[in-house]
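Nothing here was measured: the structure is a model prediction, and the numbers come from that model.
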Amino acid sequence: MASKLLRAVVLGPPGSGKGTVCERIARSFGLQHLSSGQFLRESLGGGGAAHWLSPGGQGSFTAVSLMPSTQTSIWLHPRCFPASHSHFRAAACPGFPRTLGQAKALDGICELDLVISLNIPFETLKDRLSARWVHPASGRVYNMDFNPPHTQGVDDLTGEPLVQRQDDRPEAVAARLRKYKDAAKPVIELYRSRGILHSFSGTETNKIWPYVYTLLSSRIPPILSEEEH
């Protein structure tokens, strides 16, 4: 018999580690990790959405703010938060909804069971984003402080040059974080009022992760221990 589908989203500012947390959730609980940006890119064939997408962390893509909320929700509907599935126990979608308009559109698609919000200090995010470089073709992300490439300035697998996104340059980071805070505040308040918001604060994913793991373990049985993630 099919198990109930647990629908969850992971919210957080740029550089907060949403993709990393979702990957750990997927491995530890045998869940489906759904990347909203990847679905957009596949659905549109990389054509008209090019100016709406930008490289995100962990080899994924994220939708930038110009993407209309209703269109984002429509494109996510067929694969993000499907109505019924018999072959996986849950879905975790990072970074969506990004705005109150998207949250309300998502209400018309499904009812969320769980919302995880990552709260990372401003200075930590600024340092983390400013040190981030990417391989454009694959979306692989390097951080010059704690995950540098083997050879400075080039991708480990292809040897092709790395680039720093314009949004990750120091002068742009502060504006990005302020914009996220303004857009995310009503979304977070909405889910808090519904009693499904769980916020976790810290400067490192490794320190936040045990609390996320404990929360999810209270909902569904893990397939890996916390140390095996």
Side-chain angles (χ1 to χ4, degrees), residues 8-22 34-41 44 48-76 80 92-107 112 115-134 136 139 141-145 163-194 197-205 208:
V9 297
V10 178
L11 304 179
S16 60
K18 298 182 294 294
T20 299
V21 168
C22 281
L34 303 175
S35 170
S36 56
Q38 179 183 348
F39 297 160
L40 288 170
R41 185 174 53 172
L44 298 181
H51 63 292
W52 284 329
L53 300 177
S54 59
Q58 301 299 318
S60 65
F61 274 65
T62 56
V64 299
S65 58
L66 294 179
M67 175 66 75
S69 299
T70 53
Q71 292 185 1
T72 304
S73 302
I74 291 169
W75 285 325
L76 287 178
C80 200
C93 192
F96 181 88
R98 296 169 63 101
T99 67
L100 186 59
Q102 290 177 354
K104 291 181 177 179
L106 184 57
D107 284 343
L112 291 178
V115 176
I116 294 171
S117 177
L118 304 180
N119 301 319
I120 313 297
F122 178 91
E123 289 300 319
T124 298
L125 292 172
K126 187 171 67 173
D127 293 342
R128 188 181 295 176
L129 289 168
S130 298
R132 191 164 70 174
W133 290 68
V134 301
V141 177
Y142 298 87
N143 188 287
M144 298 307 160
D145 292 335
V163 301
Q164 186 176 46
R165 297 170 51 196
Q166 290 186 353
D167 282 351
D168 288 341
R169 293 173 182 172
E171 61 274 14
V173 168
R176 288 181 66 194
L177 295 177
R178 285 195 299 269
K179 191 169 187 177
Y180 169 82
K181 182 178 180 180
D182 291 342
K185 184 177 179 179
V187 178
I188 291 172
E189 290 302 322
L190 173 67
Y191 293 133
R192 179 180 287 116
S193 70
R194 294 179 180 178
L197 180 75
H198 298 265
S199 298
F200 300 97
S201 301
T203 59
E204 301 176 25
T205 300
I208 293 175

Shortest non-hydrogen contact from [X] toward [Y]:
{"X": "Ser16", "Y": "Thr205", "value": "O-OG1, 4.4 Å"}
{"X": "Val163", "Y": "Pro136", "value": "CG2-CG, 3.5 Å"}
{"X": "Ala103", "Y": "Pro97", "value": "N-CB, 3.5 Å"}

Quick one, Lys179 and Arg176 - any side-chain contact, counting heavy atoms below 4.5 Å?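 Not in contact.
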Would you mind reporting whether Asn143 and Arg128 have side-chain heavy atoms less than 4.5 Å apart?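 Heavy-atom side-chain distance check passes, below 4.5 Å.
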Would you please name every residue forming a side chain to side chain contact (heavy atoms under 4.5 Å, CB included) with [X], sequence neighbours left out?
{"X": "Asn119", "result": "Ser117, Ser199, Ser201"}
{"X": "Ala174", "result": "Phe122, Arg178"}
{"X": "Pro121", "result": "Thr124, Thr203"}
{"X": "Gln164", "result": "Trp133, Asp168, Arg169"}

Results of salt bridge (charged side-chain N to carboxylate O under 4.0 Å, His left out) for Lys126 - residues two or more places apart only: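 Expected list: Glu123.
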Which residues pass the salt bridge (charged side-chain N to carboxylate O under 4.0 Å, His left out) test with Glu171, not counting sequence neighbours?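 Scan of Glu171 (salt bridge (charged side-chain N to carboxylate O under 4.0 Å, His left out), adjacent residues dropped) gives none.
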What distance do [X] atom [atom1] and [Y] atom [atom2] have between them, rounded to the nearest 0.5 Å?
{"X": "Asp145", "Y": "Arg132", "atom1": "CG", "atom2": "CZ", "value": "12.5 Å"}
{"X": "Ile188", "Y": "Leu11", "atom1": "CD1", "atom2": "CG", "value": "6.5 Å"}
{"X": "Lys18", "Y": "Ile116", "atom1": "NZ", "atom2": "CD1", "value": "13.0 Å"}
{"X": "Asp182", "Y": "Leu177", "atom1": "CG", "atom2": "CG", "value": "11.0 Å"}
{"X": "Leu118", "Y": "Thr20", "atom1": "CG", "atom2": "OG1", "value": "10.0 Å"}

side-chain contact (heavy atoms from CB on, under 4.5 Å) for Val187 and Val115? Distances and angles first, verdict last. CA-CA 10 Å; Val187 178; Val115 176; over 6 Å; no
Taking Ser130 for the side chain and Asp127 for the main chain, is one N or O donor matched with an acceptor at less than 3.5 Å?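 A pair under 3.5 Å: no.
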